[in-house]
Amino acid sequence: MQDFTPISGFVGGVLIGLAVALMLLLNGRIAGISGIVGGLLTLRLRDTFWRAAFVVGLVLGALTYLSTAEGSAPVRVLASLPAILVGALLIGFGTRLGSGCTSGHGLCGMAHLSRRSVVATATFFGVAMLTVFITRHVL
Amino acid sequence: MGSGATRVLAALASSLVFGLGLAVSGMMNPAKIIGFLDVAGDWDPTLVFVIGSALLVAALGTGLAPDFAFVVAMLVGMGLHTWLRGP
């Protein structure tokens with residue numbers, strides 16, 4: 001095992017769970033990141049402001065930690081630009097096609113024991129593991 | 001629930017904590033995600049801890065609290081029985 005960090009993983013997970021609960025209790029909304037971002041494209045001005053606020057907060061919250069001493073470990077994306085673009089296109093299309101991503105299905109949906117979210121999460125993690133296996137160990 | 005301003009503030013509050021959690025857990029680093037997905041390589045199970053603790057807190061905060069309270073109380077009852085009966 002390489003780079004296993006259970007304590008920071010646990011602490012970060014508690015914060016994310018808190019965020020999901022906060023969003024549902026205060027706003028009555030699922031904190032699914034792909035749904036909130038994708039909804040920005042529908043141009044319903046009533047919803048645009050809170051959606052934009054969520055995106056701004058997400059970036060600010062992460063940047064706040066990255067600006068501290070503990071969080072200053074470099075995050076580097078090693079893929080080439082074409083690979084990044086193709087990957088991002090597939091992520092955007094796929095999360096809308098699947099009605100959610102890791103946060104919406106994997107956290108909000110599974111926290112409610114939603115059957116379709118459990119199926120969706122098992123499917124995308126399973127297929128992702130298979131993809132990594134094929135690209136890293138077969139090809 | 002609430003007016004426009006309340007929605008904006010609630011979304012901002014939630015996402016600030018969400019972003020902080022993502023950064024703290026290391027899940028902004030693509031290498032950590034690929035490390036988790038690469039079960040046949042140097043497997044990094046950190047993501048299990050992130051999702052596990054996030055699910056626990058989210059479920060506690062959004063309606064499954066009675067279910068968790070039931071399980072915790074049951075475990076405390078079992079522990080009490082074991083403790084009273086002695087070694």
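Because the structure is a prediction, the values reported are computed rather than measured. Per chain, numbering begins at 1; letters A, B, ... match sequence-line order.
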Atom of [X], atom of [Y] and distance for their closest heavy-atom approach:
X: B/T46; Y: A/G9; result: CG2-CA, 4.0 Å
X: B/A54; Y: A/L107; result: CB-CD2, 3.7 Å
X: A/C108; Y: A/G32; result: SG-N, 4.3 Å

Who among B/A31, B/A40, B/P30 has the most heavy-atom pairs with chain A under 4.5 Å?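 Option with the greatest count: B/A40.
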
Option that, when pairs with chain A are counted at under 4.5 Å, heavy atom only, ranks first among B/A23, B/G26, B/S53: B/S53

Before we go on, tell me: are the rings of B/F36 and A/F4 under 6.0 Å apart, centre to centre? no

After noting the C-alpha distance and the side-chain angles of A/R136 and B/I34, does the key distance pass the side-chain contact (heavy atoms from CB on, under 4.5 Å) rule? CA-CA 10 Å; A/R136 286 213 158 177; B/I34 293 176; 3.5 Å; yes

Residues of residues 114-126 of chain A contacting chain B, heavy-atom criterion under 4.5 Å, by residue number: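 A/F125 fall under the 4.5 Å cut-off.
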
Strictly less than 4.5 Å between heavy atoms, which residues of residues 10-19 of chain A line up against chain B? Please order them by number.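 Against chain B, the residues of residues 10-19 of chain A that fall inside the cut-off (heavy atoms, under 4.5 Å) are A/F10, A/V11, A/G12, A/G13, A/V14, A/L15, A/I16, A/G17, A/L18, A/A19.
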
Distance-only check: which donor-acceptor pairs under 3.5 Å involve side-chain atoms of residues 47-59 of chain A, not counting sequence neighbours?
from  : atom 1 : to    : atom 2 : distance (Å)
A/D47 : OD1    : A/W50 : NE1    : 3.2
A/D47 : OD2    : A/R44 : NH2    : 3.3
A/T48 : OG1    : A/R44 : O      : 3.0
A/R51 : NH1    : A/G35 : O      : 3.2
A/R51 : NH1    : A/I36 : O      : 3.4

Donor-acceptor pair, distance only, cut-off 3.5 Å: does the side chain of B/S14 make one with the backbone of B/A11?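 Here the side-chain-to-backbone pair does not exist.
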
So, the side chain of A/N27 versus the backbone of B/R7: is there a donor-acceptor pair under 3.5 Å, distance only? yes

Would you give me the side-chain donor-acceptor pairs under 3.5 Å for residues 88-101 of chain A, sequence neighbours excluded?
from  : atom 1 : to    : atom 2 : distance (Å)
A/T95 : OG1    : A/I91 : O      : 2.8
A/T95 : OG1    : A/G92 : O      : 3.2

Indicate whether any N or O donor in one side chain lies under 3.5 Å from an N or O acceptor in the other, for B/K32 and B/S25. no

Where does A/I33 contact chain B at under 4.5 Å (heavy atoms): side chain, backbone, both or neither? side chain

Distance check, rounded to the nearest 0.5 Å: A/H105 atom NE2 versus A/I30 atom CD1? 10.5 Å

Between B/L47 and chain A, with a heavy-atom cut-off of 4.5 Å, which part of the residue counts as in contact: side chain, backbone, both or neither?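 The side chain, not the backbone.
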
